[in-house]
J.: 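Handing you a structure now.
Values reported hereafter were calculated over all heavy atoms of this structure, with side chains retained and with hydrogens, waters and symmetry mates removed. Just so you know, residue 1 is the first one in the sequence shown, and it goes up from there.
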Amino acid sequence: MRISAFILIWLTLLFNGCDNTDHTHSTAVCANCRIACVGDSITEGYGLHDPATQSYPAQLAKTLHSAIVGNFGKAGATLLRSGDRPYAQTARFEASKTFAPTVVVIALGTNDAKDRNWMHHDTFIQDYLNLIATYRRLPSKPTLYIALPPPVFRSTQGISDRRIRDEIHPLIRQVAVQSGVGLIDLYTPLQGQGDLFPDGIHPNPKGAGIIAETVYRAINGS
């Protein structure tokens with residue numbers, strides 16, 4: 001009788017343990033998260049036939065299923081507050097906060113490479129830290145990620161692959177270290193794939209899909 005009771009207890013603990021493990025695994029993919037995708041025209045989906053379904057946030061939402069993904073990209077936006085179109089002064093920025101995100105993915109920096117904006121690059125790190133601090137003060141206490149901009153395959157207005165890779169990336173890496181946020185590399189997965197960027201800067205649906213997959217892996221820890 002005692003042996004049977006022991007076996008019953010052991011089996012109960014075993015199966016409960018298995019159930020808990022499976023449940024943890026299923027929720028690792030940011031189930032029920034509210035993900036705010038913050039960025040410029042690449043996030044917004046500029047150049048795509050249907051940004052509502054083809055932009056990287058839209059494709060990310062399809063992958064995550066139970067998560068709510070908000071696209072808060074703004075064409076032309078800069079991280080720099082002294083830039084010509086500071087993201088922190090846009091309605092999209094305010095909307096991203098009222099969205100009450102539990103995860104924020106910030107993908108800014110490409111427009112900062114323009115000559116007229118990069119002249120203010122001395123404040124880039126502090127401006128980024130300030131933006132991060134703003135999101136950290138939200139009641140929803142979101143987990144934050146910042147991204148290295150994708151490659152540039154056609155230079156324009158000072159936006160060049162060299163400046164993105166050699167000047168902007170190091171500053172973003174430094175911000176990630178100083179702030180302790182997650183860093184997502186959107187450059188390496190798209191390097192050498194100029195055919196996915198019709199105008200040299202903005203990805204086509206397949207390129208946006210690669211960005212979505214990269215972000216998915218980052219927030220899922222895989």
Side-chain angles (χ1 to χ4, degrees), residues 29-30 35-65 67 69-79 85 87 103-115 117-118 121 124 128 144-176 181-222:
V29 193
C30 203
I35 305 172
C37 296
V38 169
D40 49 34
S41 55
I42 294 175
T43 297
E44 187 178 41
Y46 176 86
L48 297 174
H49 175 69
D50 185 12
T53 60
Q54 297 174 331
S55 66
Y56 106 70
Q59 295 194 53
L60 179 64
K62 293 177 185 176
T63 303
L64 289 172
H65 302 298
V69 182
N71 186 339
F72 299 99
K74 178 63 176 176
T78 66
L79 180 280
R85 297 180 182 180
Y87 186 82
V103 175
V104 177
V105 179
I106 306 174
L108 290 166
T110 298
N111 290 306
D112 297 273
K114 295 176 181 178
D115 290 332
N117 295 322
W118 199 235
H121 70 274
F124 188 90
Y128 219 142
L144 287 138
Y145 298 87
I146 60 177
L148 299 178
V152 170
F153 297 95
R154 188 180 306 162
S155 299
T156 177
Q157 302 181 66
I159 301 177
S160 68
D161 194 59
R162 184 205 61 78
R163 179 169 284 174
I164 293 290
R165 183 190 64 239
D166 298 340
E167 298 184 57
I168 291 179
H169 281 186
L171 295 183
I172 294 177
R173 291 183 187 279
Q174 188 173 338
V175 169
V181 302
L183 181 66
I184 303 176
D185 180 5
L186 299 183
Y187 187 90
T188 303
L190 292 161
Q191 194 170 15
Q193 301 201 57
D195 58 314
L196 303 183
F197 292 75
D199 65 359
I201 294 178
H202 301 94
N204 64 11
K206 183 177 179 180
I210 292 175
I211 292 176
E213 180 182 0
T214 304
V215 172
Y216 169 83
R217 290 180 180 277
I219 64 179
N220 188 35
S222 60

J.: State, to 0.1 Å, how close Asp40 and Gly109 come at their nearest heavy-atom pair, and which atoms those are.
T.: OD2-N, 4.3 Å

J.: What I'd like to find out is whether the side chain of Asp185 reaches to under 4.5 Å of the side chain of Thr214, using heavy atoms alone.
T.: no

J.: Could you state the interatomic distance from CG (Leu196) to CG (Asn204), rounded to the nearest 0.5 Å?
T.: 5.0 Å

J.: Keeping to residues at least two apart or across chains, list the salt bridge (Lys or Arg N to Asp or Glu O under 4.0 Å) pairs with something in residues 186-214.
T.: Glu213-Arg217

J.: Considering all heavy atoms of both residues, which atom of Ser55 and which atom of Gly45 are nearest to each other, and what is their separation?
T.: CB-CA, 4.0 Å

J.: Hey, are the side chains of Val181 and Val104 touching, using non-hydrogen atoms and a 4.5 Å cut-off?
T.: no

J.: Does atom CZ of Arg165 have more than 12 heavy-atom neighbours, drawn from other residues, nucleotides or ligands, at distances under 6.0 Å?
T.: yes

J.: Check the orientation of His169 and Tyr187. Use parallel for under 30°, tilted for 30 to 60°, and perpendicular for over 60°.
T.: perpendicular

J.: Nearest 0.5 angstrom please: Ile219 CD1 to Ile184 CD1, how far?
T.: 7.5 Å

J.: Look at the aromatic rings of Phe124 and Tyr128 and report parallel, tilted or perpendicular, splitting at 30° and 60°.
T.: perpendicular

J.: What distance do Thr78 atom OG1 and Tyr87 atom OH have between them, rounded to the nearest 0.5 Å?
T.: 11.5 Å

J.: Can you see which heavy atom on Leu183 is nearest to which on Ala176, and at what distance?
T.: CB-CB, 4.1 Å

J.: Under the side chain to side chain contact (heavy atoms under 4.5 Å, CB included) rule, what do Ile159 and Asn111 come out as? Steps first, then yes or no, please.
T.: CA-CA 7 Å; Ile159 301 177; Asn111 290 306; 4.3 Å; yes

J.: What do the steps show when you test Val105 against Leu60 for side chain to side chain contact (heavy atoms under 4.5 Å, CB included), and what is the final call?
T.: CA-CA 12 Å; Val105 179; Leu60 179 64; 5.8 Å; no

J.: Would you name the heavy atoms of His65 and Lys62 that are closest together and state the gap between them?
T.: CE1-O, 2.9 Å

J.: Quick one: does any side-chain atom of Arg163 pair with a main-chain N or O of Ala113 as donor and acceptor, under 3.5 Å?
T.: yes

J.: Are the side chain of Gln59 and the backbone of Gln54 linked by a donor-acceptor contact shorter than 3.5 Å?
T.: yes

J.: Kindly determine whether Ile168 and His121 satisfy side chain to side chain contact (heavy atoms under 4.5 Å, CB included), including the steps that lead there.
T.: CA-CA 9 Å; Ile168 291 179; His121 70 274; over 6 Å; no

J.: Evaluate the side-chain proximity of Pro203 to Ile211: yes if any heavy-atom separation is below 4.5 Å, no if none is.
T.: yes

J.: Would you check if the side chain of Asn71 reaches a backbone N or O of Pro57 as a donor-acceptor pair within less than 3.5 Å?
T.: no

J.: Rounded to the nearest 0.5 Å, how far does CD1 of Ile164 lie from CG of Leu186?
T.: 11.5 Å

J.: Hey, could you give me the CD1/OG1 distance between Ile201 and Thr110, rounded to the nearest 0.5 Å?
T.: 7.5 Å

J.: Using every non-hydrogen atom in the two residues, find where Tyr56 and Ala208 come nearest and quote the distance to one decimal.
T.: CB-O, 3.3 Å

J.: Mind listing the closest non-hydrogen atom pair of Pro189 and Ile210 along with its distance?
T.: CB-CG2, 3.9 Å

J.: Under 3.5 Å, sequence neighbours excluded: what are the donor-acceptor pairs made by side chains of residues 145-156?
T.:
residue, atom, partner, partner atom, Å
Arg154, NH2, Pro198, O, 3.3

J.: What's the separation between atom OG1 in Thr43 and atom NE2 in His202, rounded to the nearest 0.5 Å?
T.: 10.0 Å

